[in-house]
Amino acid sequence: MAGRLDRLRSGFDGAGIDALVVTCLTNIRYLTGFTGSAGELLVGADGALLVTDGRYAEQAPSQVVDSDTEVAIAGTNRRSLVTDRLSSSDRVGLEAASVTWSDQRRLAGWFDGIDLVPTEGLAEELRQVKDPGEVARIEAAAAIADAALADAVELLAVGVSERDLAAAIDHGIRSRGADDRAFETIVAAGPNSALPHARPSDRVLEDGDLVVCDLGAVVGGYRSDMTRSYRVGGRSGGREDEVRDAVRRSQAAGLALVADGVPLADVDAACRDVLAEAGLAEAFVHGTGHGVGLDIHEAPALSGSATGTLRSGHVVTVEPGAYLAGLGGVRWEDTVLVTDDGHRALTLAPRAD
Ligand code: ZN
Ligand code: ZN
């Protein structure tokens, strides 16, 4: 936690601000350790003040001890707490992505004579590069998801419902000590597998179904993300095998590029090229990957329009897929840590045939 607020401040000049009101709760957690559901963090040139409410009077001070942040419990004095703290600032930044129109109007009314400046991604930029403690949490979450998936794969057979498989995964995640699932577990079989974000239904697995399982766990607030695909009855010798093999080659081509300094768009292109060669360009209907951390989807995005590069310490997914009405869908996804000369996979569940 130490040092994160200073690194945030180092972005103030570039953003044209001398203080920032952090309202995104995930950013507040990242910067201070506070996990409550309400609050705003006022970061000035020196010092930071977390304004929250009476529910967190005990929790907040103990959680922020490592971040050099003061805590104020606001009641009816919230306006004066906030305005007094920022009264010496000329240009106060707001996080454009998390401030509602009504919040902005309220703050504009409070700050007479102070410029409110919209900012984008100041804390999100810092969150992209993970420190060893963050990586350890993601790795622990990934290990739990690996084990939970292994439980569910034991059950994967004709007659089992998507919902039962998802419940087995969820139980495996909870019973192994995770805080929670990283997102609603996806188990999609047969025609449902052609829908990239299908929800588990009562559909019962049939012989020959393609099955997509997409799951993750949360440990210490940090998430993992992994997809494995199966075919009930194993390899068919038919079109399903070609699609599955192409998606796996696509992921391997993308992962082979992952390393510090590689353009994000190059990884996307490598995955897409393999699928295009297999006649599946149109079947790959989503981005190639995304950062993973306190949020399941965070910067950087791995897409054709991404302009940045991978950096050591990024934790990203590479997850090409192909979705064909009538045949079904296939996706392979791993969460990996970017290193100076390559990557280290954090999700390790074995590949199905
Ligand atoms: Zn996923
Ligand atoms: Zn993902």
Side-chain angles (χ1 to χ4, degrees), residues 26 124 127-128 130 134-135 137-139 141-150 152-153 162 165-166 168-170 172-173 178 180-189 192-200 210-219 221-230 244 247-248 250-252 254-255 258 264 267-268 270-272 275 283-304 306 310 314-323 328-338 343 345-352:
T26 311
E124 288 84 353
R127 285 169 47 194
Q128 289 189 33
K130 273 65 179 178
E134 295 178 287
V135 173
R137 289 173 177 85
I138 298 169
E139 195 163 21
I144 286 174
D146 289 347
L149 181 63
V153 168
E162 295 171 355
L165 288 171
I169 289 170
D170 293 349
I173 287 173
D180 198 353
R181 304 172 299 175
F183 51 89
E184 187 180 6
T185 301
I186 295 171
V187 175
N192 296 338
S193 66
L195 311 172
H197 270 190
R199 302 182 72 176
L210 291 172
V211 185
V212 173
C213 300
D214 190 347
L215 63 147
V218 185
V219 170
Y222 284 81
R223 293 161 203 272
S224 68
D225 194 3
M226 170 176 72
T227 307
R228 293 289 182 267
S229 293
Y230 307 89
R244 296 172 73 208
V247 170
R248 288 181 62 170
S250 169
Q251 199 216 23
L255 286 172
V258 171
L264 298 161
V267 179
D268 179 81
C271 290
R272 273 177 216 285
L275 289 174
F284 182 14
V285 295
H286 52 71
T288 287
H290 52 87
V292 182
L294 289 169
D295 283 327
I296 188 61
H297 295 130
E298 57 181 51
L302 280 71
S303 70
L310 289 169
H314 278 173
V315 173
V316 297
T317 70
V318 177
E319 52 177 302
Y323 309 89
V330 176
R331 179 164 71 254
W332 291 106
E333 176 181 29
D334 286 288
T335 300
V336 305
L337 170 67
V338 180
H343 68 273
L346 303 180
T347 45
L348 300 172
R351 306 312 180 87

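Order of appearance sets the numbers: ligands from 1, and atoms from 1 within every ligand.
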Of all the atoms in His297, is at least one N, O or S atom closer to the Zn ion (ligand 2) than 2.8 Å?
no
Any N/O/S atom from Asp225 (main chain or side chain) under 2.8 Å of the Zn ion (ligand 1)?
yes
Can any side-chain N or O of Arg272 pair as donor or acceptor with the backbone N or O of Val267 at less than 3.5 Å?
no
Within-4.5 Å side-chain heavy-atom neighbours: Met226 and Leu215:
yes
Backbone N/O of His290 and side chain of Thr317: donor-acceptor pair under 3.5 Å
yes
Going by the angle between their ring planes, with limits at 30° and 60°, are His297 and His197 parallel, tilted or perpendicular?
parallel
Restricting to N, O or S atoms of Glu319, which is nearest to the Zn ion (ligand 2)?
OE2
Donor-acceptor pair between Asp225 and Thr335 side chains, under 3.5 angstrom:
no
For N/O/S atoms only: which one belongs to Asp214 and is nearest the Zn ion (ligand 1)?
OD1
State whether Glu333 contributes an N/O/S atom found under 2.8 Å from the Zn ion (ligand 2).
yes
